[in-house]
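First the proteins, then the strands, lettered A, B, ... as listed; each starts at 1. Note that this is a predicted model, so its numbers are computed, not measured.
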There are 2 protein chains.
Amino acid sequence: MGGVDHRKGPRRRGDELNQAIFTAALEELVEVGYQRLTMERVAERARTSKASLYRRWAGRPELMMDAVIHAFPTVGELPDTGELRADLFAALRTMADALNSPLGQAVRSVLAEVAIDQKAMLRHRERFVERRNQLMLDLVRRAAARGQVRPGALTPRVAAVGPALMRDHFLTHGGPITDEVVAEIVDEVLVPLLRA
Amino acid sequence: MGGVDHRKGPRRRGDELNQAIFTAALEELVEVGYQRLTMERVAERARTSKASLYRRWAGRPELMMDAVIHAFPTVGELPDTGELRADLFAALRTMADALNSPLGQAVRSVLAEVAIDQKAMLRHRERFVERRNQLMLDLVRRAAARGQVRPGALTPRVAAVGPALMRDHFLTHGGPITDEVVAEIVDEVLVPLLRA
DNA sequence: AGGATAGAAAACGCTTCGTTCTCTATGGGG
DNA sequence: CCCCATAGAGAACGAAGCGTTTTCTATCCT
């Protein structure tokens with residue numbers, strides 16, 4: 001027969017339990033890093049059973065991906081200073097703040113997963129890449145309407161350069177993305193590219 | 001006492017054994033992917049003992065990083081067509097060919113590791129990032145000497161844009177990097193950025 | 001109340017890890 | 001040739017984590 005009921009608290013159901021699991025997953029991530037993060041310990045920390053985790057997610061990659069989506073629900077607002085450079089700086093600075101936060105670790109786990117598993121990227125690219133590219137395209141489009149951008153600059157490829165450089169910097173350098181780095185990307189790359 | 005000696009071939013030593021281990025690691029990587037790659041199976045495939053692996057490498061991340069370095073020994077040659085666009089295209093095309101090769105999987109394992117472990121990036125950035133950036137800087141410098149580049153374009157940040165965009169594309173999109181993508185990066189981003 | 005479902009705990013067999021131990025092939029030196 | 005030191009190969013070990021299954025029952029809904 002089954003064991004004695006040793007439960008330590010009331011059962012949670014549905015979204016309430018999801019929330020607790022995400023919280024536990026992100027805490028565990030910050031505490032031990034992605035490499036040493038295990039389903040077993042997430043379940044423990046969330047005070048739920050592994051079976052409950054596996055009911056929802058096929059495995060660690062899927063859980064962590066959803067935990068990150070939960071941690072970073074939105075891309076942010078479209079800056080509107082009326083000035084190209086300031087808008088660019090503000091947009092990339094917002095991105096840097098997110099990456100520099102304690103939960104930047106969570107972003108690293110996503111990058112690791114999509115590096116390993118191309119299909120994970122296909123599933124989540126809209127969420128992690130295209131939305132931010134769209135925001136940049138809107139920003140550039142607005143600057144174009146103000147006559148601040150050269151005609152050929154209004155392409156998705158050009159709009160994607162800023163976020164791509166930020167992601168690559170985050171991946172290829174340790175530590176936080178400083179304002180100096182953001183300014184360099186804006187002043188040496190984006191402004192010359194967009195203005196000409 | 002110890003078991004019977006079931007060995008199936010002569011012992012190898014030093015570099016010869018390293019070579020066999022790298023070969024086994026990369027084959028295993030291509031066959032089962034990075035997520036399911038284990039030290040145990042690499043040792044088996046290389047017909048060596050796990051202890052020999054652990055003598056050389058602290059764990060899987062370190063082994064795979066060295067295996068990749070072994071697989072991609074050089075960055076390639078500096079293109080010299082006399083024409084900016086053609087040089088850019090050739091340089092990035094070479095990078096795409098490497099990433100598109102069967103061993104592009106190996107590059108993915110590196111990207112995953114450096115995403116997870118910032119210290120791994122610090123240790124290997126010269127190898128994986130700065131050398132290619134230096135090659136691009138040399139390319140741009142030569143184009144500048146030919147009068148084909150605007151004065152403010154001669155910075156490490158600008159030189160690094162091409163490779164960064166290639167890496168990011170590789171990470172954020174599935175499948176191979178096509179000539180169309182390379183051409184788009186060159187024509188929509190790099191040429192306008194460098195010429196102005 | 002009754003019924004269905006999902007949650008919590010325990011247990012299981014398997015795989016892999018990282019380490020240790022034993023035997024000895026191998027290389028180098030005299 | 002011999003001797004010595006070292007590293008390689010194979011086996012074994014205990015621990016950890018995996019993914020699954022089972023049992024009991026809290027919880028929700030009608």
Stretch residues 15-37 of chain A: residues that reach within less than 4.0 Å of DNA chain D through a heavy atom: none
The nucleotide from C:dG18, D:dT27, C:dA25 with an atom nearest the side chain of A:Arg11 is D:dT27
Between B:Arg55 and D:dA7, is there a side-chain N or O to OP1/OP2 distance below 4.0 Å? yes
Between the first and last five pairs of the helix from C:dA1-D:dT30 to C:dG30-D:dC1, the angle of the axes, rounded to 10 degrees: 30°
Among residues two or more places apart or on two chains, list those pairs meeting side chain to side chain donor-acceptor pair (under 3.5 Å) that have a residue in residues 89-107 of chain A. A:Arg93-A:Asp179
By the 4.0 Å heavy-atom rule, please label A:Gly59 as base, sugar-phosphate, or nothing. nothing
Looking only at side-chain N and O atoms, does B:Arg56 come under 4.0 Å of OP1 or OP2 in D:dG8? yes
hbond_proxy B:Arg41 side chain to C:dT16 base (donor-acceptor, 3.5 Å cutoff): no
Distance test, side-chain N/O of B:Arg13 to OP1/OP2 of D:dT6, below 4.0 Å: no
Any idea which heavy atoms bring B:Met39 and B:Tyr54 closest together, and the distance? CG-OH, 3.5 Å
Applying salt bridge (Lys or Arg N to Asp or Glu O under 4.0 Å), can you list everything that pairs with B:Arg167, at least two apart in sequence or on another chain? A:Asp168
B:His124 meets the ring pair (Phe, Tyr, Trp, His ring centres under 6.0 Å) criterion, sequence neighbours left out, with none
Decide whether a cation-pi geometry holds between B:Arg127 and B:Phe72; the criteria are a distance under 6.0 Å from NZ or CZ to the six-membered ring centre and an angle within 45° of the ring axis. no
Are B:Arg12 and D:dG8 close enough that a side-chain N or O sits under 4.0 Å from OP1 or OP2? no
Which nucleotide, C:dT16, D:dC24, D:dG17, lies nearest any side-chain atom of A:Glu40? D:dG17
From C:dT26, D:dA26, C:dA9, pick the nucleotide closest to the side chain of B:Pro10? C:dT26
If you measure only the distance, is there a donor-acceptor pair under 3.5 Å linking the side chains of A:Gln19 and A:His70? yes
Those residues at least two apart in sequence (or on a different chain) that pass salt bridge (Lys or Arg N to Asp or Glu O under 4.0 Å) with B:Arg55 are none
Can the positive tip of A:Arg60 be found less than 6.0 Å from the middle of the six-membered ring of A:Tyr34, inside 45° of the ring normal? yes
Taking all atoms of both residues into account, what is the closest heavy-atom pair of A:Ile21 and A:Val42, and its distance? O-CG1, 4.1 Å
Rounded to whole Å, please give me the gap between NZ in B:Lys50 and P in D:dA12. 13 Å
